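Report on the following structure.
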Amino acid sequence: MKRFFLTLFFLIIITVSRACAELRINEIMTDNGEFTAGEHYDWIEIYNGGSKEMNLSGYGLSDKPQKPLLWQFPEGATLAPGGYAIIYCTGEEGMAQYPNSNRYYASFKLSSDGETLVLANAEGGILDSLKYPAQYGNTSYGLSAATGAWGFFDTATPRKQNEDTVYASRAPCPGMEQAAGFYTLNDGEALEITLTGDGPIRYTLDGSTPNRQSPLYTGPISIQKTTVIRARVCREDELMSTPVASTFIINDPSPVAVVSLSTDEKYLYDNEIGLFVKGNGNVANYLTDMEHPIHFEYFDIDGQRQLAQNASFRIVGTSTRGYKQKSLGIFAREEYGDADAFYYNPFKNRDYESYHAFVVRSTGSDFKATRLRDAVLTGMAEGLGLMYQDATPLVVYINGEYAGHYNLREKINKYSVAQWEGITDQELIDQIDIVEGAARDTQIMNGSNEDWLALRAFVKENDLNQPENLQYVTNQLDVDNFFTWAAMEMLLGNTDLENVRMYRVPGGKWKYILYDVESSTLNNPTGMYMLLASHKLQSGLPLSSQYSLMSNLLKVPDMRIRFLEIVAQVIENSFLYELVADPLFDYWEPIVEQLLPRHLDRYDMHNSLPLAQWRTNVKAARYGVRVGPKNLLDDICDVLNVTKKEREQYFGHVVALMEIHNAPDKQ
């Protein structure tokens, strides 16, 4: 109690202007939307306004004035005169600190609802305090460099001198009288767009975010080609409004859904931060986890705009990041002034009401083969209870320019796993474990891989024919799920079995996701043998988890039988060609064929993917799905020493069904 009153005393006697303080809190940001090293922590900037270097060792920051040393600077922390230090507020204990770069990680978080921050010396004496109001998303709050008054800035300036002008409130958003969407104009005609709002409106026509220097709206805007109009109310005495955007697609109807993305060119092509270029760094920009703001619009197949909100994007994928057409992860971020989810479901096989993220996918390594293989082949898993990404074909525009054919996909993350598993409690969602990259299983998408690595080590080191060892494994791993995933991968003939995702929900078992199977139906049995018989691995290939699991489980007679049963179930559910694959191909093939000529023009791909070759590729994929399962059964029976009696017992009925539905002469 004595400490509490002493702290209050220090707060009361602070009479020196913060703007003149030697060491002061200078700027803060809650609801930070700018990513650094894959994270978007809130931050506090402190400034040394004195003439001497300050030793910060033991100094503290806190959002609890009664505990001014809640977090302390490490030993050796200093701040030069005129220098800035950034403290990221993570809420996590024990994070590394970086005094040499004046970058620190505090163990508390900032509240966007407003609270009091204090800066204290090593004895707990208050040097500065800030009682800040409720904050706007991705907007900094700090001291005016000119007047010393506190307020919101148009532009955050971490590690730099603050702007002169601050604002106490934000202007309301403008509107547009004309609906975004598709318009047909005759030669010489123009579409007139009327902006509405309480105050001056600044706008752009190139996808960039309007600022106070952007063109001032004085009357209807005439457009004659596909254009994105972005606008903000821009009053002199208020923070600029959250930007709004509408895309007007002129004389360009689409047979599929359309996504329009708009963002500043610097986020695409700048050598320092542009994600579409290699850049100047040692690591190509598109290989990093940098994430930038973007405006996302989704128009359904009927041309109706279903989504329009500020979001963020980053490049996703592995080897495909270097391709000219890049896959984009699109994330709902409330920090940018809109919702933390996309409240619309564009996928026909899902009944979800919202999504936290989408993937606007370039079709991956299939980009110059069929452009539909991953969407079709993962869709064949419907009804198995095996998680996969649903898909819908797209045409995409970026800043009003046609960007080609893409496929919209569900994004694998903790939220999509939670939807699949029916989990709604946020605390449980945060605890979901997702592991990727099964060669070493060290890539953690969420949670931890510690228990997965322990399970993997146990399987390699113990005889699963011992009941207690098998029980341990089946307590940790959903074996039916694993066998179902393995059967799908083998029946598809997937040759890229290193690109794998596994997950576990709190209290549940580890499960696999059918993911990234465009390297399938290539008439190559390598993937099957890698799964079935680890001793037949090609030289140099790693003994990854799925190979070890399969090899050791199949040494157990009951597990071998269960695997044979599940292979038969998967064939009956997913590989009776006329009933499953053929309708999927029949849906996707004409759509992609219709989109392909313009897409090939856009990426100058007519030589690398002639239309005749594309048709041949699709025909080959169809053939692989139709005849592959029967051929695989011969391999399974050979590798697992299946007797003639067992073959009839487990596969007789599905062989008879395939003779009806998978006959090669049925095109």
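Every value quoted in this text rests on a predicted model; they were computed, and no experiment measured them.
From H599, atom NE2 reaches atom OG1 of T363 across 6.5 Å, with rounding to the nearest 0.5 Å. Separating the OG atom in S327 from the CZ atom in R314 is a distance of 13.0 Å, to the nearest 0.5 Å. The CD1 atom of I398 lies 10.0 Å from the OG1 atom of T263; values are rounded to the nearest 0.5 Å. Here the NE2-CZ distance, from H40 to F331, works out to 10.0 Å after rounding to the nearest 0.5 Å. Annotation: the span from Q306 atom CD to D302 atom CG amounts to 9.0 Å, rounded to 0.5 Å.
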Show me the side-chain donor-acceptor pairs of residues 385-397 shorter than 3.5 Å, one per line, residues at least two apart or across chains.
| from | atom 1 | to | atom 2 | distance (Å) |
| --- | --- | --- | --- | --- |
| Y388 | OH | E382 | OE1 | 2.5 |
| Q389 | NE2 | E410 | O | 2.6 |
| D390 | OD1 | N349 | ND2 | 3.4 |
| D390 | OD2 | N349 | N | 3.0 |
| Y397 | OH | D252 | OD2 | 2.3 |

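Ring orientation note: the planes of F347 and Y355 are nearly perpendicular, at an angle over 60° on the 30°/60° scale. Ring geometry, H292 versus Y267: the interplanar angle falls under 30°, so the pair is classed parallel (tilted spans 30 to 60°). Using cut-offs of 30° and 60° for the angle between ring planes, the Y183 and F248 rings count as tilted. Aromatic ring pairs are classed by plane angle as parallel below 30°, tilted from 30° to 60° and perpendicular above 60°; the pair F367 and Y323 is tilted.
Residues D42 and K109 are not paired through a salt bridge, judged by the lack of any N-O separation under 4.0 Å between the basic side chain and the carboxylate. Of the charged side-chain nitrogens involved, none lies within less than 4.0 Å of a carboxylate oxygen, so that K511 and D480 do not count as a salt-bridged pair. Between D582 and R626 there is no salt bridge, since no side-chain N of the basic residue sits under 4.0 Å from a carboxylate O of the acidic one. Using a 4.0 Å cut-off between a side-chain N of Lys or Arg and a carboxylate O of Asp or Glu, D516 and R361 qualify as a salt bridge. We find that R371 and D366 are not joined by a salt bridge, their nearest charged nitrogen and carboxylate oxygen being 4.0 Å or further apart.
Each of L595, I301, I591 was compared with P255 under the side-chain contact (heavy atoms from CB on, under 4.5 Å) criterion, and only L595 meets it. The side-chain contact (heavy atoms from CB on, under 4.5 Å) test with F575 singles out one residue from V567, V570, V580, and that residue is V570.
Here the shortest heavy-atom pairing between K368 and N617 reads O-ND2, 4.2 Å. Taking all atoms of both residues into account, the shortest heavy-atom contact from A156 to M29 is CB-CE, 3.6 Å. The two residues N310 and T242 come nearest to each other via the heavy atoms ND2-CG2, 3.3 Å. Of all heavy-atom pairs spanning I432 and K414, the tightest one is CD1-O, 3.5 Å. Shortest non-hydrogen contact noted between M550 and A486 is CE-CB, 3.3 Å. In this structure, L492 and S520 approach most closely via the heavy-atom pair O-CB, 3.3 Å.
When side chains are defined from C-beta on, V228 does not count as touching N399, because their heavy atoms never get closer than 4.5 Å. Looking at heavy atoms from C-beta onward, Y41 lies out of side-chain contact with C89 at the 4.5 angstrom threshold. Looking at N662 and E578, their side chains never come closer than 4.5 Å, going by heavy atoms from C-beta outward.
A donor-acceptor pair is defined here as one N or O able to donate and one able to accept, closer than 3.5 Å; no such pair exists between the side chain of N407 and the backbone of L372. The closest donor-acceptor contact from the side chain of H661 to the backbone of Y577 lies at 3.5 Å or more, if one exists at all. Between the side chain of R622 and the backbone N or O of A581, no donor-acceptor pair lies under 3.5 Å. In this structure, T226 contributes its side chain and I250 its backbone to a donor-acceptor pair below 3.5 Å. Here the side chain of S260 pairs no donor or acceptor atom with the backbone of T247 at under 3.5 angstrom. The backbone N or O of I434 lies less than 3.5 Å from no partner atom in the side chain of R501, so there is not a single donor-acceptor pair. Judged by distance alone, with hydrogens and angles left aside, the side-chain atoms of W614 form a donor-acceptor pair with the main-chain N or O of T370 at under 3.5 Å. The backbone N or O of N481 lies less than 3.5 Å from no partner atom in the side chain of Y512, so there is not a single donor-acceptor pair. Side-chain atoms of D338 never come within 3.5 Å of backbone atoms of Q309 as a donor-acceptor pair (strictly under, hydrogens ignored).
In the model, D451 has no side-chain atom that pairs as donor or acceptor with a side-chain atom of Q476 under 3.5 Å. Side-chain contact of Q569 with N573: a donor-acceptor pair under 3.5 Å is absent, judged by distance alone. Remark: the D264 side chain and the T209 side chain contain an N/O donor-acceptor pair separated by less than 3.5 Å.
Here the two rings, on F296 and F342, have centers that are under 6.0 Å apart.
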